[in-house]
Amino acid sequence: MNIDKQLLKVLQASAWTKIPYESLLETNPQQIRIEENNLMKEEGVLEVPDTIEVFNKEIERVGKSESLSLRIYKPKVADNLPVVLFFHGGAFIFGSPDQYDFQMYPLVEEANVIAVSVDYRLAPEHPYPAALEDAVLALQWGSKEAQSIGGNSDNITLMGSSAGGAIALSLLHLNRDLYHIPIRGAFVMYPPTSDKLNTLSMKTYANAPMQTYKSARYMWKHYLSRTSDKWTEYAVPNQMIDFWLLPKITLILAECDPLIDEAKQYADLVLARGGEVDIWEIKGAVHTFDFFDCELTTNFTREKIAYFKKLHLM
């Protein structure tokens with residue numbers, strides 16, 4: 001593999017790479033949440049910058065006993081700002097909004113945007129379409145209530161990391177067909193877009209750091225475990241029925257990620273229907289590379305913040 005040497009060194013030293021994701025996804029996926037929470041406690045709480053505020057908002061789910069939690073990051077002085085609706089990663093099974101505090105703080109502070117991170121329900125307890133139902137609810141809330149938090153409901157961008165990127169893509173298609181809420185675009189990082197797992201990159205990087213063939217296999221197994229007719233055509237991005245008339249999509253792909261080829265297939269499907277897709281392929285990177293402190297991440301973060309600054313020009 002052509003993994004960047006500095007990134008590889010950081011990966012080898014990181015406690016996060018010691019979690020046995022692959023075996024736990026097969027035998028005890030819920031244990032991953034415990035392992036990650038323990039690591040987060042060891043690392044300690046990240047201090048919130050003085051210029052922003054962070055709070056959680058509970059949204060009632062109609063017909064459900066549990067509410068949907070949104071983690072909101074906003075500049076203390078906020079008026080008519082772009083809104084970024086964010087979906088965290090974690091194989092549809094683990095992960096949480098606060099894991100991404102370290103990424104959301106500089107994004108909100110430097111790009112001067114409002115980020116709304118969605119604590120969507122997780123498989124295997126809540127398989128598809130639970131996460132997409134929560135995504136719709138979050139988008140509806142953002143469109144209706146953006147002004148109450150200093151945002152602009154006509155300037156909403158979706159952002160997703162890994163599995164959260166797949167959810168963001170599903171939401172783009174579903175919203176186009178059913179809800180018609182204005183979405184300016186989507187910034188999607190290394191998403192899984194196919195449950196077929198038959199691409200060349202899936203074979204070449206089957207045992208890559210942070211994402212393997214076996215992990216992908218069990219990720220989709222848990223996520224798609226429920227037999228349901230609801231929104232079936234929106235579950236797997238590459239199997240969508242219609243790729244027309246989508247907002248512009250920016251795809252961030254890692255060179256040494258088994259998911260890279262399937263994401264490129266998704267891009268080709270959109271482009272073939274006249275859509276607009278901008279691909280950033282990060283050379284030497286692996287899946288979730290931006291979690292690890294190295295030059296690749298520093299450079300990518302700079303470009304990411306520049307992208308979101310441009311939302312003010314829309």
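Residue numbers run from 1 in the order of the sequence given. No experiment lies behind these values; they were computed from the predicted model shown.
Other residues sharing a hydrophobic cluster with Ile34 under the 4.5 Å side-chain heavy-atom criterion for ILVMFWY residues do not exist; the residue is a singleton.
To the nearest 0.5 angstrom, Leu137 atom CG is 7.5 Å from Arg61 atom CZ. Atom CD1 of residue Ile305 and atom CG of residue Asn112 lie 12.0 Å apart, to the nearest 0.5 angstrom. Atom CG in Leu24 sits 10.5 Å away from atom CD1 in Ile93 (nearest 0.5 Å). Atom-to-atom distance recorded for Ile282:CD1 and Asp257:CG is 11.5 Å, nearest 0.5 angstrom. Atoms CG and CG, on Leu174 and Leu139 in that order, are 9.5 Å from each other to the nearest 0.5 Å. Note: Leu200 CG to Glu262 CD = 12.5 Å, rounded to the nearest 0.5 Å.
Residues passing the salt bridge (charged side-chain N to carboxylate O under 4.0 Å, His left out) test with Asp195: none are found, sequence neighbours excluded. Under the ring pair (Phe, Tyr, Trp, His ring centres under 6.0 Å) criterion, Phe102 pairs with Phe291, sequence neighbours left out. Looking at residues two or more places apart in sequence or on another chain, you find a ring pair (Phe, Tyr, Trp, His ring centres under 6.0 Å) between Phe94 and Tyr21. Residues satisfying the side chain to side chain donor-acceptor pair (under 3.5 Å) criterion with Glu133, sequence neighbours excluded, are Arg121, Lys230. Under the side-chain contact (heavy atoms from CB on, under 4.5 Å) criterion, Asp177 pairs with Tyr234, not counting sequence neighbours. Under the side-chain contact (heavy atoms from CB on, under 4.5 Å) criterion, Ser215 pairs with Glu22, Leu25, Gln211, Thr212, not counting sequence neighbours. Considering only residues two or more places apart in sequence or on other chains, Lys248 meets the salt bridge (charged side-chain N to carboxylate O under 4.0 Å, His left out) condition with Glu276.
For residues 110-130, the set of pairs meeting the ring-ring contact (aromatic ring centres under 6.0 Å, His included) definition, not counting sequence neighbours, comprises His88-Tyr120, Tyr128-Tyr223. The stretch residues 6-15 participates, sequence neighbours left out, in no side-chain hydrogen bond (donor to acceptor under 3.5 Å, both in side chains) pair at all.
Between Glu43 and Lys41 there is no salt bridge, since no side-chain N of the basic residue sits under 4.0 Å from a carboxylate O of the acidic one. Looking at Lys74 and Glu53, a side-chain N of the basic residue comes within less than 4.0 Å of a carboxylate O on the acidic one, giving a salt bridge.
Here the two rings, on Tyr266 and Phe243, have centers that are under 6.0 Å apart. Between Trp220 and Phe92, the gap from one ring centroid to the other is short of 6.0 Å. Taking the ring centroids of Tyr213 and Tyr205, they lie at or beyond the 6.0 Å cut-off.
Ser201 contributes a side-chain N or O that, together with a main-chain N or O of Asp261, makes up a donor-acceptor pair within less than 3.5 Å. Of the possible donor and acceptor atoms, none in the side chain of Asp4 sits under 3.5 Å from a partner among the backbone N and O of Ala285. Without hydrogens or angle criteria, His173 side chain to Asp242 main chain gives a donor-acceptor distance under 3.5 Å. Of the possible polar contacts, none joining the Asp119 side chain to the Leu68 backbone as a donor-acceptor pair under 3.5 Å is found. A donor-acceptor pair is defined here as one N or O able to donate and one able to accept, closer than 3.5 Å; no such pair exists between the side chain of Asp278 and the backbone of Thr250. Arg273 places no side-chain N or O within 3.5 Å of a backbone atom of Asp268 that could act as its donor or acceptor partner.
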Please list, one pair per line, the donor and acceptor atoms closer than 3.5 Å that link side chains of residues 159-167 to other protein atoms, with sequence neighbours excluded.
{"residue": "Ser161", "atom": "OG", "partner": "Tyr190", "partner atom": "OH", "Å": "3.3"}
{"residue": "Ser162", "atom": "OG", "partner": "His287", "partner atom": "NE2", "Å": "2.7"}

Run the side-chain donor-acceptor check on residues 141-150: report pairs under 3.5 Å with partners two or more places apart or on a different chain.
{"residue": "Ser148", "atom": "OG", "partner": "Glu145", "partner atom": "O", "Å": "2.6"}

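Under 3.5 Å, the side chains of Asp290 and Thr297 contain no donor-acceptor pair of N or O atoms.
Residues Leu171 and Phe187 fall into different hydrophobic clusters, defined by Ile, Leu, Val, Met, Phe, Trp and Tyr side chains chained together at heavy-atom separations under 4.5 Å.
The closest side-chain heavy-atom distance from Trp280 to Phe300 is below 4.5 Å.
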*Glu60 vs Ser67, side-chain hydrogen bond (donor to acceptor under 3.5 Å, both in side chains): CA-CA, chis, key distance, verdict*: CA-CA 5 Å; Glu60 181 181 355; Ser67 61; over 6 Å; no
